[in-house]
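Worth saying up front: this structure is predicted, and the values here are computed from it rather than measured.
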Amino acid sequence: MAQLSGKMTRRSLLAGGASGAALLAMPAVLRAQAGDTVRFGVLYPNLTTVIHEIAMKTGAYERQGLKVEETRFKSGQTVDGVEQLWRGEFDFYMGGAPEVPRLNSRVMESGGTPPLAVVSGANPGHTSLVLSNKLQPKSIDEILDKPLRIAVSSPSSVHLAFFRGYLTNEKKIDANSIPWQFLPLEAGNMLAALTTDQIDGFLHSEPTTTLAIIHKVGHLFMSGRRGDMGPNPPPATFLSSRRDFIKDSRPVAERFMKAIFDANKAFKEAPKADMVKIIAEWGGQEDSIVDAAYERMDPTTSMTEAQALKWWKIIGTTMVERGEIVASIDPMRDVFDLSLQPIA
């Protein structure tokens with residue numbers, strides 16, 4: 001790991017990418033199994049990371065002889081998780097996508113080499129635009145010139161980044177030219193704000209989308225999953241590792257990825273009712289909510305080079321244009337390393 005000069009620290013590097021992030025105390029390790037150890041940081045309870053629970057419940061890690069030490073982070077702690085991955089406290093981390101290229105970019109700016117690598121991804125197209133029932137446009141073009149108040153979980157929200165990328169790449173519109181206000185709001189407060197007319201809609205994922213539909217406080221206007229924000233959406237959640245761990249512990253890293261792909265297979269082949277129970281337990285949701293959201297969910301974790309490049313085209317290039325990451329960053333050299341994934 002490159003030494004940083006002057007007063008540049010790991011904290012200041014990451015804070016440059018997401019203002020106001022505070023390093024919280026390391027959460028307690030929750031479970032472990034027998035075998036070679038893999039330390040895994042994961043967002044919880046969060047439906048975007050449920051492939052890990054599927055791997056646990058179906059014995060995928062055990063079959064690979066792995067002991068997985070799991071550290072949980074709340075939603076909104078992606079910055080903290082990525083930082084702790086960089087510091088060597090984890091071997092893998094699963095969470096929001098933009099923070100890895102942000103951190104690698106800051107290290108490059110300081111003269112170092114990118115320390116992290118995205119090794120796979122999940123949840124392609126899980127971004128939804130939900131609008132208040134008072135708004136019933138037939139197309140996005142009808143509301144792009146309206147001063148709408150749209151809630152996002154944070155200014156660095158992956159959903160906001162994906163939507164901005166859609167406007168730029170699919171609609172050929174400058175995302176800064178529309179008069180929408182993007183208001184930071186925790187997902188748990190979005191429905192109440194929509195009900196009380198404090199916002200006109202929100203950009204988020206499951207289960208927030210389904211809860212709005214079930215409680216009839218909003219309607220699903222655009223779904224990345226069904227192609228409303230462009231065809232073949234790329235993964236929106238990243239599974240990342242440290243480059244030094246991949247180099248020094250490659251056989252263990254490959255077995256961990258094989259376990260994840262075994263969990264993918266289990267998800268695709270298991271009865272829906274079985275998967276609904278696992279997902280609901282992991283996400284802290286009722287079975288009925290997960291059942292209603294199921295068609296908009298894809299927790300399987302894999303990524304092709306074409307998907308990586310599409311993510312970069314939609315989101316990465318937008319981050320470069322906004323000055324969030326350096327223009328010299330090369331996605332396939334400095335961000336992604338898909339070599340751990342088993343050949344299908």
Original post:
Is E89 paired with R39 through a side-chain N to carboxylate O contact shorter than 4.0 Å?
Top reply: no
**OP:** Salt-bridge test for E269 and K265: reply yes if a basic N is under 4.0 Å from a carboxylate O, no otherwise.
**Re:** yes
[atom1]-[atom2] distance between [X] and [Y], expressed to the nearest 0.5 angstrom:
| X | Y | atom1 | atom2 | answer |
| --- | --- | --- | --- | --- |
| T317 | L309 | OG1 | CG | 11.0 Å |
| I325 | N104 | CD1 | CG | 9.5 Å |
| M94 | I51 | CE | CD1 | 7.0 Å |
| S177 | L144 | OG | CG | 8.0 Å |
| S128 | L220 | OG | CG | 5.0 Å |
| S249 | D244 | OG | CG | 8.5 Å |

Quick one: are the ring centres of [X] and [Y] less than 6.0 Å apart?
| X | Y | result |
| --- | --- | --- |
| F163 | W180 | yes |
| F238 | Y93 | no |
| F90 | F73 | yes |
| F40 | Y61 | no |

Student check: side-chain heavy atoms of [X] and [Y] closer than 4.5 Å:
| X | Y | answer |
| --- | --- | --- |
| F221 | P137 | yes |
| L131 | I143 | yes |
| W312 | P101 | yes |
| K277 | D287 | yes |
| P235 | W311 | no |

**OP:** Give a yes or no on whether M222 and I315 share a hydrophobic cluster (residues Ile, Leu, Val, Met, Phe, Trp, Tyr; joining criterion: side-chain heavy atoms under 4.5 Å apart).
**Re:** yes
List for me each residue that meets side-chain hydrogen bond (donor to acceptor under 3.5 Å, both in side chains) alongside [X], sequence neighbours excluded, and say none if there are none.
| X | result |
| --- | --- |
| T49 | W282 |
| R226 | D228 |
| K310 | none |

Hey, can you pull the donor-acceptor pairs under 3.5 Å for the side chains in residues 289-299, sequence neighbours left out?
| residue | atom | partner | partner atom | Å |
| --- | --- | --- | --- | --- |
| D291 | OD1 | K272 | NZ | 3.3 |
| R296 | NE | E206 | OE2 | 2.7 |
| R296 | NH2 | T210 | OG1 | 2.7 |
| D298 | OD1 | T300 | N | 3.3 |
| D298 | OD1 | T300 | OG1 | 2.6 |

Subject >> Other residues, nucleotides, ligands: >12 heavy atoms within 6.0 Å of E142 CD >> reply: yes
**OP:** Might you confirm whether atom NZ of K134 has over 12 heavy atoms from other residues, nucleotides or ligands at distances under 6.0 Å?
**Re:** yes
**OP:** Have a look at D91 and tell me which of R250, R255, R243, R242 forms a salt bridge (charged side-chain N to carboxylate O under 4.0 Å, His left out) with it.
**Re:** R242
Original post:
Do N123 side-chain atoms and H126 backbone N/O form a donor-acceptor pair below 3.5 Å?
Top reply: no
Original post:
For G96, does its backbone N or O pair with a side-chain atom of E99 as donor and acceptor, under 3.5 Å?
Top reply: no
Subject >> Nearest heavy atoms of T58 and R63, plus distance in Å >> reply: O-NH1, 2.6 Å
Subject >> Summary of salt bridge (Lys or Arg N to Asp or Glu O under 4.0 Å) pairs that have at least one residue in residues 151-179, sequence neighbours excluded >> reply: D141-K171
Going by atom type alone, with no hydrogens or angles, which donor-acceptor pairs under 3.5 Å involve a side-chain atom of residues 145-155 and a protein atom two or more places apart or on another chain?
| residue | atom | partner | partner atom | Å |
| --- | --- | --- | --- | --- |
| R149 | NE | D200 | OD2 | 3.1 |
| R149 | NH1 | D197 | O | 3.1 |
| R149 | NH1 | Q198 | O | 3.3 |
| R149 | NH2 | D197 | O | 3.2 |
| R149 | NH2 | D197 | OD1 | 3.4 |
| R149 | NH2 | D200 | OD1 | 2.9 |
| S154 | OG | S156 | N | 3.3 |
| S154 | OG | S156 | OG | 3.3 |
| S154 | OG | S157 | N | 3.2 |

